[in-house]
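Presented below is the structure to which this report refers.
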Amino acid sequence: MSQRRKVESDPTFRDANQPPPFEGRNLYLADRALQDAASREGASWAHERLVGWGELLGRAETFALAARANRYPPELRTHDRFGERIDEVGFDPAWHDLMRLAMREGEHCTPWIEPRDGAQVARAVAYLLHAEVENGTQCPLTMTYAAVPVLRRHAAALPPLADLWLPRILEREYDPRSLPVADKASALIGMGMTERQGGSDVRANLTRAERSADRSYRLTGHKWFFSAPMCDAHLVLAQTGAGLSCFLLPRLLPDGTRNAVRIVRLKDKLGNRSNASSEVEFDGAHAWLLGEEGRGVPVIIEMVQHTRLDCAIGSAGLVRGAVAQALHHATHRRAFGRRLVEQLLMQNVLADLTLEAEASTALALRLARAFEAAAPESERSLARLATPAIKYWVCKRAATVVAEAMEVLGGNGYVEESALPRFYREAPLNSIWEGSGNVMCLDVLRAARRESAAIDALLAEMALACGADARLDRHAAMLAMALRQPDTQERDARRIAGAIAVGLAAALLVRHAPAAIGDAYCASRLDDGYAGALGTLPAGVDLPAIVREK
């Protein structure tokens with residue numbers, strides 16, 4: 001018998017104190033907080049569909065697809081073997097398999113084709129579950145989803161939108177072929193806003209748009225970040241004589257020729273490696289104007305609002321995925337004669353991680369409800385203030401949570417097989433994409449100054465928990481005072497945005513979560529002594545009760 005076989009037959013080797021693989025589980029049924037939030041926010045009708053989606057995502061085969069899509073990232077082919085320019089990006093088959101699953105689920109379109117109460121919430125749950133497995137494939141899905149309201153708004157003025165593009169954008173059959181949109185079963189939309197010299201300051205864009213005789217436009221310039229270059233069309237910003245304007249730019253023209261968009265290179269990114277992000281140059285690229293010349297920012301902002309929603313949902317999924325893996329490991333792993341989950345300091349860490357998962361889930365789904373088609377104006381006002389605050393806070397917390405979850409696993413969490421290193425690389429993306437932390441917090445101040453109804457809507461939501469916890473009542477009073485001060489300083493923007501998110505999360509948890517969770521969140525996040533480090537819950541918190549909830 002070989003030495004290896006001898007070792008493997010040794011009983012001490014077989015009982016190696018290793019947790020079973022984190023797979024073969026229904027990700028939806030394993031998350032009671034997510035189920036409860038889906039029900040209370042109006043998506044109970046989607047329960048069976050979400051159960052099926054959670055089962056599919058939790059399969060070993062799906063986790064394997066996620067790992068493979070990130071191990072073999074996309075590759076750029078600028079020319080074919082005859083020297084002709086083609087600008088094609090090749091993906092591993094795992095990418096296409098994951099895209100096929102997600103489009104069949106309808107992550108890119110269900111609220112638009114089934115605009116019933118709870119449609120946005122149901123879609124948010126599906127998206128959050130997807131984020132627990134693989135994140136790169138969510139980028140084109142998000143952009144396509146977010147583009148629909150913009151394209152619908154301008155379809156009457158641009159017949160190709162109504163006749164060709166929108167019907168295919170709303171299809172659920174994945175079609176990765178490089179063909180004119182008229183010949184495709186479905187279409188995906190990307191976006192290109194930022195340039196080298198401007199970044200978040202899109203009004204500094206230099207790309208020029210010249211009107212043609214057929215009323216289309218020709219774009220000349222560049223984009224520093226051109227997301228998902230293999231999408232069938234992109235929403236882009238360019239300057240006209242009237243100012244910054246928004247355009248729909250197809251990848252292929254109706255006659256099958258390639259539009260004048262040259263992919264310079266793919267970005268070598270920290271994370272999100274399964275997805276292709278690129279730099280491009282336009283050389284008289286064909287595009288159609290959306291809206292009026294000079295009104296590009298108001299046109300695109302509707303898309304941006306929805307992509308920011310997805311940043312918050314996706315980060316909540318990363319948080320939940322990381323916490324679930326930490327709890328799984330601590331439940332099965334033994335050290336110093338006991339399971340990790342039975343050790344008091346580890347309980348503190350796991351309970352604190354659980355609070356972050358519960359809070360981020362509650363915030364993401366409550367925000368999704370504010371985006372429902374039939375939402376009253378008060379909900380839309382709430383969204384204008386809460387979206388940047390929640391996007392800022394949940395995305396920021398994701399990196400901290402994933403790092404702590406990785407530490408729960410120790411060395412096992414630092415190796416790629418655990419997926420936590422991939423989550424850790426992924427976590428900063430949503431903070432940066434669609435407005436970094438400072439941009440979000442300045443948007444919070446701007447919304448508060450411009451719209452008193454948004455402040456009223458936020459405080460009314462928090463008032464639903466009034467009297468349930470004295471610490472929350474004090475926090476709400478402080479927040480009301482800060483938001484209504486006309487001279488609030490820009491330097492305080494992060495403090496205020498964080499206070500909004502934490503206060504809203506506390507109000508939701510006090511009302512809806514088990515008592516131990518609501519109390520612990522208020523005790524740790526609202527009291528003056530909060531240090532920000534995980535695993536520092538104060539005395540009196542029922543640690544076992546919180547850990548058992550998960």
Side-chain angles (χ1 to χ4, degrees), residues 33 37 40-41 308-309 312 315-316 319 352 354-370 378-379 381-398 400-401 437 440-449 451-485 488 492-513 515 517-532 534 537-538 541:
R40 71 170 176 266
E41 303 299 356
R308 288 176 175 177
L309 168 64
S315 290
V319 167
D352 222 351
T354 297
L355 295 183
E356 292 290 343
E358 297 260 346
S360 62
T361 297
L363 286 171
L365 267 63
R366 177 62 185 89
L367 184 59
R369 176 155 67 91
S378 60
E379 288 288 290
S381 295
L382 174 64
R384 284 189 282 274
L385 181 62
T387 300
I390 292 173
K391 193 261 192 194
Y392 160 72
W393 186 254
V394 174
C395 295
K396 277 280 183 275
R397 297 303 290 167
T400 300
V401 169
M440 291 299 94
C441 296
L442 291 173
D443 278 357
V444 168
L445 287 190
R446 193 174 298 113
R449 288 167 178 167
E451 191 173 354
S452 60
I455 300 174
D456 294 340
L458 172 69
L459 296 178
E461 178 71 22
M462 293 181 64
L464 295 174
C466 182
D469 190 288
R471 296 160 296 201
L472 177 56
D473 291 344
R474 290 194 298 270
H475 183 87
M478 176 277 295
L479 187 57
M481 184 178 302
L483 288 171
R484 296 197 188 282
Q485 285 182 349
T488 301
D492 295 325
R494 285 193 174 216
R495 179 178 59 81
I496 291 173
I500 289 172
V502 171
L504 184 54
L508 290 168
L509 295 179
V510 163
R511 291 173 60 206
H512 304 297
I517 287 175
D519 176 71
Y521 194 85
C522 290
S524 59
R525 271 60 172 176
L526 301 183
D527 275 359
D528 294 337
Y530 180 50
L534 292 166
L537 295 177
V541 168

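- Proximity of R474 to R471: side-chain heavy atoms (C-beta onward) are separated by under 4.5 Å at one or more points.
- Evaluation of the side-chain contact (heavy atoms from CB on, under 4.5 Å) rule for A463 yields no partner, not counting sequence neighbours.
- Of the possible donor and acceptor atoms, none in the side chain of T387 sits under 3.5 Å from a partner among the backbone N and O of R384.
- Here the shortest heavy-atom pairing between A497 and V444 reads CB-CG2, 4.0 Å.
- Within the 4.5 Å cutoff, side-chain heavy atoms of H475 are placed close to those of M462.
- Every residue two or more places apart in sequence or in another chain was checked for a side chain to side chain donor-acceptor pair (under 3.5 Å) with T361, and none qualifies.
- L385 has its side chain out of reach of E451: every pair of non-hydrogen atoms, C-beta onward, lies at least 4.5 Å apart.
- Contact annotation: the side chain of T400 never approaches that of E356 to less than 4.5 Å [non-hydrogen atoms, C-beta and beyond].
- Looking only at side-chain heavy atoms (C-beta outward), R366 and I390 stay at 4.5 Å or farther from each other.
- For the pair R494/K396, a side-chain contact is recorded, criterion being any heavy-atom separation below 4.5 Å from C-beta on.
- Summarising the geometry of V319 relative to A357, their closest heavy-atom pair is CG1-CA, 3.6 Å, with the distance given to 0.1 Å.
- Taking 4.5 Å as the limit, every side-chain heavy atom of V502 sits out of range of all side-chain heavy atoms of R397.
- Look at D456 and R484 and you find a salt bridge, because one of the NZ, NE, NH1 or NH2 atoms lies within 4.0 Å of a carboxylate O, short of that distance.
- Put simply, the side chain of C522 does not reach to within 4.5 Å of the side chain of D519, judged on heavy atoms.
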